[in-house]
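Accompanying notes for the structure given below.
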Amino acid sequence: MADSSVHHHDVHSLLSSPQRDFLLRNNTDQVKIDSLKGKKLGFYFSASWCGPCQRFTPTLAEVYNDLSPNGDFEVVFVSADKDDEAFNSYFSKMPWLAIPFSDTETRKRLNELFHVHGIPHLALLDETGNVVAEDGVRIIRDYGAEGYPFTLKRVQELKDQEEEAKRNQSLRSLLVSRSRDFVISSDGNKIPISELEGKTVGLYFFASSYRSCALFTQQLKEVYQKLKTKGESFEVVFIPLDDDEESFKEELETVPWLSLPLKDKTCPKLIQYFELSKIPTLVIIGPDGKTLHHDVSEAIEEHGVDAYPFTPEKFVELDEIAKAKEATQTLESVLVSGDQDFVIKNDGEKIPLSKLTGKTVLLYFSAHWCPPCRAFLPKLTDAYHKIKAQDNDALEVVFISSDRDQNSFDEFFTEMPWLALPFGDSRKEFLSRKFKVSGIPMLVAIGPSGRTVTKEARDLIGLYGADAYPFTEERIKEIEAKNDEIAKGWPEKVTHETHEHELVLSRRKNYYCDDCNEEGHNWSYFCEECDFDLHPNCALGDKGSKDGVKEEEKPKDGWVCDGDVCTKA
């Protein structure tokens, strides 16, 4: 939020130029700047090439249209487009005013004045020209038209209301809006929310375009139908996050439960209220209207109907069951499903899983489209060959693909000297759930007994290479003790010509040396103030090993690659 006593502006001076005293509408009509006197204003910095802008503009337009009847709020578009054609095409979708694209000087001046370092950016001014908020995008996203007039006082009022609503939460406070006190059924009927009170209700946040939602919906259907057969007082309500009306209708027709209407204003409020971080998410509201659990989707995937009634006591019971399963886990219980009792070589030959019994097996979750996966592959391959050279029967790796298609899988798998699940194998979904794979590459180590040794084998390979084998806690302690011994002879602090501050010997898991630009592990001479790393070999003038790998490739739809990991968006 802004301090209005510091940021005060004359609107006419801000928006006009010596040659111009007007703004434009998207039909080319000119609107005198003086007509904005006494109005609250939003300066909207945006561009057609900007994906986040394209997503935010409809949200801002909805708020603008809600407030327009009052006649005291206006938005001015300040374009960052590259040419007049792009500006006109983008502006044609906007119901507000704009600075002419030809007035480059005014647009540049406003960018500097409002410290615009990224877009979309929305600066909000009151009727006297005081800046009331420089983070208008967040306010609009969080509160919509209810945030008006977007002052610090109003935002605080809404926060206080949210806290009060959480203290007095009920099913009605969650689902009822000013214009709606019902949910809809698959046949379009309106079902009063009062009919759901006293039941255990699952709020299912979903989007029909997400494959993970499609898979979970099938599992939830089975659970729902079993609970209904038992006569349990349980209901599910879709919280749809779709954009396409037809896709939503088709999805609703296939399920036996209820839904909020598509694009209902309660949906984004519930996203904010429950601090939604992923989909699918199934929030459980108890019979008293209070939140029992913020997401039981993983519990349903793992335990099915046995997760009901989703109480804290039930989750303690499920944890005990999970611990008992882990204690008796075998390689077969992890990798065998029905007649799927094999893996394949990259020539297509089937290898019975019985051949892997008694070995340390690494489950390698990866994909051809994922740059961090491609960067990690040479390190894993090197470690694999070194471990096999010591004992050929000690280790095996099984590639579990998240590739888009068979060709991508085949191309990537040909680079690997180990085994794989066949492309599209149904065991992949089970393994991803079991080991909670949210980012790739991921490497899970299964010991000779069949029990999970660690889900962090990727980091261990990155840090220690083949020396990390067999990836046990005891082995890692041995390596760390040796590393401590190596560092004993090094000075605690050094200065170096590449950096102005003193550098302190520090434990650093993974980093890139700011001198040689190569990857480093374990120890760094580090400046915390500047986030500056020097490999000890560079800091102390010794010859260093260089094994960093960097590649760029477009991530798969629904995934985001950041640094050395790709995660589900």
Side-chain angles (χ1 to χ4, degrees), residues 169-172 174-176 180 182-242 247-262 264 266-267 270-271 274 276 278-315 317-318 321-322 426 429-430 432-434:
Q169 177 182 302
S170 68
L171 196 63
R172 289 190 64 81
L174 291 173
L175 297 181
V176 171
R180 179 189 47 73
F182 59 86
V183 288
I184 56 175
S185 62
S186 57
D187 56 8
N189 288 331
K190 296 177 180 180
I191 309 299
I193 288 169
S194 58
E195 291 189 13
L196 305 182
E197 292 180 299
K199 295 183 177 183
T200 298
V201 177
L203 305 181
Y204 179 19
F205 295 82
F206 91 106
S208 59
S209 59
Y210 277 62
R211 183 169 182 267
S212 56
C213 290
L215 293 169
F216 180 70
T217 297
Q218 295 306 313
Q219 293 172 304
L220 184 57
K221 276 185 193 177
E222 293 178 15
V223 169
Y224 181 90
Q225 287 159 352
K226 286 178 181 177
L227 292 174
K228 287 295 186 181
T229 300
K230 290 181 178 181
E232 298 288 354
S233 186
F234 176 66
E235 193 50 75
V236 172
V237 176
F238 262 154
I239 312 299
L241 309 182
D242 284 291
S247 297
F248 167 69
K249 285 182 178 179
E250 288 176 5
E251 186 71 21
L252 185 58
E253 287 172 359
T254 67
V255 297
W257 50 71
L258 308 170
S259 180
L260 288 183
L262 184 67
D264 190 277
T266 301
C267 295
L270 290 174
I271 289 172
F274 289 111
L276 191 73
K278 71 175 187 67
I279 54 175
T281 286
L282 184 65
V283 177
I284 299 298
I285 308 301
D288 61 355
K290 307 303 181 187
T291 303
L292 269 180
H293 202 286
H294 278 80
D295 185 17
V296 299
S297 59
E298 289 184 0
I300 284 178
E301 286 172 341
E302 188 170 348
H303 301 285
V305 73
D306 292 336
Y308 187 80
F310 314 113
T311 58
E313 296 77 15
K314 173 56 72 171
F315 277 91
E317 180 186 326
L318 294 177
I321 292 171
S426 62
E429 299 296 338
F430 164 75
S432 295
R433 290 197 305 270
K434 177 177 176 60

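These numbers come from the heavy atoms of this one structure, side chains and all, not from hydrogens, waters or symmetry mates. What you are looking at is a predicted structure, and each value in this text was computed from that prediction instead of being measured.
- Put simply, the side chain of Leu260 reaches to within 4.5 Å of the side chain of Leu270, judged on heavy atoms.
- Ser185 pairs by the side-chain hydrogen bond (donor to acceptor under 3.5 Å, both in side chains) definition with Asp187, not counting sequence neighbours.
- Between the CG atom in Leu241 and the OG atom in Ser208 there is a gap of 10.0 Å [rounded to 0.5 Å].
- Looking at heavy atoms from C-beta onward, Ser233 lies out of side-chain contact with Thr200 at the 4.5 angstrom threshold.
- Residues forming a side-chain hydrogen bond (donor to acceptor under 3.5 Å, both in side chains) with Thr266 (at least two apart in sequence, or on another chain): Arg180, Asp264.
- For the pair Thr254/Lys221, a side-chain contact is recorded, criterion being any heavy-atom separation below 4.5 Å from C-beta on.
- In this structure, the side chains of Pro240 and Phe206 come closer than 4.5 Å at one or more pairs of heavy atoms.
- Counting heavy atoms from C-beta outward, Ile284 and Thr311 have side chains that stay 4.5 Å or more apart.
- Counting only residues at least two apart or on different chains, the salt bridge (Lys or Arg N to Asp or Glu O under 4.0 Å) pairs with a member in residues 222-237 are Lys228-Glu235.
- Interatomic distance, Thr281 OG1 to Leu276 CG, rounded to the nearest 0.5 Å: 4.5 Å.
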request  = Check the pair Leu318 / Glu302 against side chain to side chain contact (heavy atoms under 4.5 Å, CB included), numbers first and verdict last.
outcome  = CA-CA 10 Å; Leu318 294 177; Glu302 188 170 348; over 6 Å; no

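- Side chains of Val223 and Tyr308 form no contact here, defined as non-hydrogen atoms less than 4.5 Å apart.
- Separation of atoms NE2 (His303) and CZ (Phe315) is listed at 8.0 Å; rounding is to 0.5 Å.
- Between Cys213 and Pro280, the closest heavy-atom pair is SG-N, 3.8 Å.
- In this structure, CD1 on Ile279 lies 10.5 Å from CZ on Phe205, to the nearest 0.5 angstrom.
- Atom CG of Leu252 and atom CG of Asp242 lie 10.5 Å apart (nearest 0.5 Å).
- Remark: Glu429 pairs with Arg211 by the salt bridge (charged side-chain N to carboxylate O under 4.0 Å, His left out) rule, at least two apart or across chains.
- Qualifying ring pair (Phe, Tyr, Trp, His ring centres under 6.0 Å) partners for Phe216, counting only residues two or more places apart in sequence or in other chains: Tyr204.
- Tyr224 is linked by a ring pair (Phe, Tyr, Trp, His ring centres under 6.0 Å) to Trp257, counting only residues two or more places apart in sequence or in another chain.
- Here the side chains of Leu203 and Phe274 are in contact, with some heavy-atom distance below 4.5 Å.
- Residues passing the side-chain contact (heavy atoms from CB on, under 4.5 Å) test with Pro192, sequence neighbours excluded: Ser194, Glu195.
- Within the model, atoms CG of Leu258 and CZ of Phe182 stand 12.0 Å from one another, a figure rounded to the nearest 0.5 Å.
- Ser259 meets the side-chain hydrogen bond (donor to acceptor under 3.5 Å, both in side chains) test with no other residue; sequence neighbours excluded.
- Evaluation of the side-chain contact (heavy atoms from CB on, under 4.5 Å) rule for Glu250 yields Glu246 as partners, not counting sequence neighbours.
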Review item, side-chain donor-acceptor pairs of residues 289-301, under 3.5 Å, at least two apart:
from	atom 1	to	atom 2	distance (Å)
Lys290	NZ	Gln169	O	2.9
Thr291	OG1	Gln169	OE1	3.3
Thr291	OG1	Gln169	NE2	2.9
His293	ND1	Asp295	N	3.0
His293	ND1	Asp295	O	3.0
Asp295	OD1	Leu282	N	3.0
Asp295	OD1	Ser297	N	3.1
Asp295	OD1	Ser297	OG	2.9
Asp295	OD2	Lys278	NZ	3.0
Asp295	OD2	Ser297	OG	3.2
Ser297	OG	Lys278	NZ	3.2

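- Residues passing the side-chain hydrogen bond (donor to acceptor under 3.5 Å, both in side chains) test with Glu317, sequence neighbours excluded: Lys314.
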